[in-house]
Protein chains: 2
Amino acid sequence: MTNTTLKKISEVLGVSISTVSRALKNHPDISEKTKAKVVELAQTLDYEPNANAIHLRTNNSNLFGLLVPTISNFFYDSFIAAIEEDCRQQGYSLIILQSGDDPLVEATNLKILRQNRVSGVFACITPSTKNMQPFQKMYDMGIPVVFFDKVPDLANCNRVCVADAAAASLAANALNQTAIKRVLAIFGNPAMSITKKRILGFSHTLQSSTLCHITYAHHSEEALAITTQHLATDPIPDALFCMSDEILTGAMKAIQMAGLLIPQQIKIITISNGFFPNLYHPSITYVETSGYRLGKLAFSKMMTCLSGDTNTAELTLPCTLVQGGSI
Amino acid sequence: MTNTTLKKISEVLGVSISTVSRALKNHPDISEKTKAKVVELAQTLDYEPNANAIHLRTNNSNLFGLLVPTISNFFYDSFIAAIEEDCRQQGYSLIILQSGDDPLVEATNLKILRQNRVSGVFACITPSTKNMQPFQKMYDMGIPVVFFDKVPDLANCNRVCVADAAAASLAANALNQTAIKRVLAIFGNPAMSITKKRILGFSHTLQSSTLCHITYAHHSEEALAITTQHLATDPIPDALFCMSDEILTGAMKAIQMAGLLIPQQIKIITISNGFFPNLYHPSITYVETSGYRLGKLAFSKMMTCLSGDTNTAELTLPCTLVQGGSI
DNA sequence: AACATTTTCGCAAACGTTTGCGGTAGGTTT
DNA sequence: AAACCTACCGCAAACGTTTGCGAAAATGTT
């Protein structure tokens, strides 16, 4: 079964290709009678415009690229879902690529997106990305890039982030309301700017009378190990702060293993998308940083970029404290 | 900054477009000297071939479509990750679309994929999809479709699934090894074929002396409610079977609320991708149905389709019991 | 009836590639 | 010196659209 094209329709109807093209997009130059004929035949012949030809001709791919370390993540999947929603609604499609925390893969992925002449790129860089040259090249080609979550330290680029410092500060503030003495704070990879910001926000707000032990876990298992280790001390910390869902899940397993009662024996607070805190009983109190809302924000920023706005901005998503029963 | 094309390179070098094209793909007709010149200039000019033009000319998009109810899911994200990996490795890109459990959106998504002349489609249909016409149209256009997880009941289509009946049977068998009397089994939407298969596999294998109560939960919260309700009976069930991660998380919260000891007071087994069972302590014993492995299987089936194999098949992924501490 | 205007349509170029085929230059064989 | 290879390269068509411009046909105006 060969594809039906404008040409084929034009031949059957005995009109020109341009007439068919215009008729199908309701161009005023074409008579109603001709339009009707064309539209009908197009329907019975199951005409589907060839996107590649259109993109080539119009130099507009209606395609966005999305670059992410990994899709299966506590946070990104909801971000992706939000972006995809808006894309479809606005007539765009979405190409998704994983970099797997490998800057080399990231670079080739960017090349793929360039070759597909995407209209814009959403990017969450890997922690080890140092060379911003590939991204710069996108910019040179006039392809807007909106960074999200893990963003580079560059000045003039578009970034949408959760309010990292404010979120951590909010969590610290919640702890300040309680009568805790010793808090164990587990953060992520200390090389990432997101970690630095959260450390700053947390330690600046936590009242100085509280003893705070800051540790770093690169993944869930390490968070489990750290927590287990600190639960073996005497006295044990009476509160636990987790920077992310990944860390929370590790820490929570350690607490379950120790058989501690929450919040009587240990209080917990985390920064989260909201899903994991509700897996446990009591529900964990958390500062909400919505991947879904961040996606919406990123998309709207992308749209303003495409409408010609050239000045870059760093947008932050406000966050709120969601009370669980862990404090 | 205007894009560099073959034409531009050819003009600078004073050769023809075809020579440039051939030089860049190392065609034997072109002399080494010319090749060197072309390749060098292409590099300094940052030449990036226009994928749209190539696809139009070669009628081959090197693009796959992926249709899924929702990205943020316990299972699909790892499936997607696997597909994306293989795609990148094989030089394909991936367009991902969510249908949001709406058959209408699903149909328009398929149209988008057709218009993009994708080389193939991976599809997980929504539970309410009745009309297979849009999928049939793909087939008519020569675009192979590989269904996964939620597959239609059609005979001649390509399907890759986890071994649903076998997985449930494996779980029942594990329960048979223990001295339980009353088991509460929670399944998902009873209208889905995946549910029916698992029910059959489970109840056929469970030894008849065991009292089995079968219930249905459409989402996590309902699983929580059902479990809570059954934990209020006397005597309480001494074992719990969950059909999926979504149900497990709901049930587990109920068990935490009741403060029951696992496995002393209640035993638990589930069918899972493997992530959630390890969130708890003790780890939940589960029958593994890997989204990642299913993705790999689906991709390899897709490749055989593209290489001309026209006969359809239903492939099932074998599953294994992973021992936790909940039995 | 001659002219002006409007409606309706077609021509052809362009987007950036790929590729079959033909052509030229130089060298090798008779 | 004629004939034949071989190595190298260019011409031009094609993929399926969009769109500026001009032309023909229909309609309206004096």
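Residue numbering restarts at 1 for every chain, and letters A, B, ... go by the order of the sequence lines.
- In terms of the salt bridge (Lys or Arg N to Asp or Glu O under 4.0 Å) criterion, A:Glu106 has no residue partners (sequence neighbours excluded).
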Name the pairs: protein N/O against N/O of nucleotides 13-15 of chain C, kept only if under 3.5 Å.
residue : atom : partner : partner atom : Å
C:dA14  : N3   : A:Arg57 : NH1          : 3.3
C:dC15  : O2   : A:Arg57 : N            : 3.4

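- Separating the CG atom of B:Asn59 from the C1' atom of D:dG16 is a distance of 10 Å, rounded to the nearest angstrom.
- Rounded to whole Å, atom P of D:dG16 lies 17 Å from atom CD1 of B:Ile54.
- Sequence neighbours left out, the pairs with a member in residues 305-314 of chain B that pass side-chain hydrogen bond (donor to acceptor under 3.5 Å, both in side chains) are B:Arg159-B:Glu314.
- Sequence neighbours left out, the pairs with a member in residues 71-94 of chain B that pass salt bridge (charged side-chain N to carboxylate O under 4.0 Å, His left out) are B:Glu84-B:Arg88, B:Glu85-B:Lys296, B:Asp86-B:Lys296.
- Residues passing the ring-ring contact (aromatic ring centres under 6.0 Å, His included) test with B:Phe299 are B:Phe64, sequence neighbours excluded.
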Show, in sequence, the C-alpha distance, side-chain angles and deciding distance for B:Leu6 and B:Tyr47, and conclude whether the side chain to side chain contact (heavy atoms under 4.5 Å, CB included) test is met. CA-CA 8 Å; B:Leu6 292 185; B:Tyr47 170 72; 3.4 Å; yes
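- The distance from atom NZ of B:Lys25 to atom C1' of C:dG16 is 12 Å, rounded to the nearest whole Å.
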Could you tabulate the donor-acceptor pairs under 3.5 Å formed by side-chain atoms of residues 146-154 of chain A, not counting sequence neighbours?
residue  : atom : partner : partner atom : Å
A:Asp149 : OD2  : A:Tyr76 : OH           : 3.4
A:Lys150 : NZ   : A:Tyr76 : OH           : 2.9

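- Rounding to whole angstrom units, NE2 of residue B:His27 and P of C:dC21 are separated by 13 Å.
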So if I define the base as every atom that isn't primed, P, OP1 or OP2, how would nucleotides 6-11 of chain D read as a B/S/- string at a heavy-atom cutoff under 4.0 Å? --BBBB
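- In this structure, CG of B:Leu24 is placed 16 Å from P of C:dG16, rounded to the nearest angstrom.
- Within the structure, every pair that satisfies the side-chain hydrogen bond (donor to acceptor under 3.5 Å, both in side chains) test and touches residues 15-27 of chain A, not counting sequence neighbours, is listed here: A:Ser16-A:Ser18, A:Ser16-A:Thr19, A:Asn26-A:Lys35.
- The interatomic distance linking A:Ile9 (CD1) with D:dG16 (P) rounds to 12 Å, in whole Å.
- Atom pair A:Leu6:CG and C:dC9:P shows a separation of 16 Å (rounding to whole Å applied).
- The salt bridge (charged side-chain N to carboxylate O under 4.0 Å, His left out) contacts involving residues 111-134 of chain B comprise A:Glu48-B:Arg114, where partners must be two or more places apart or lie in separate chains.
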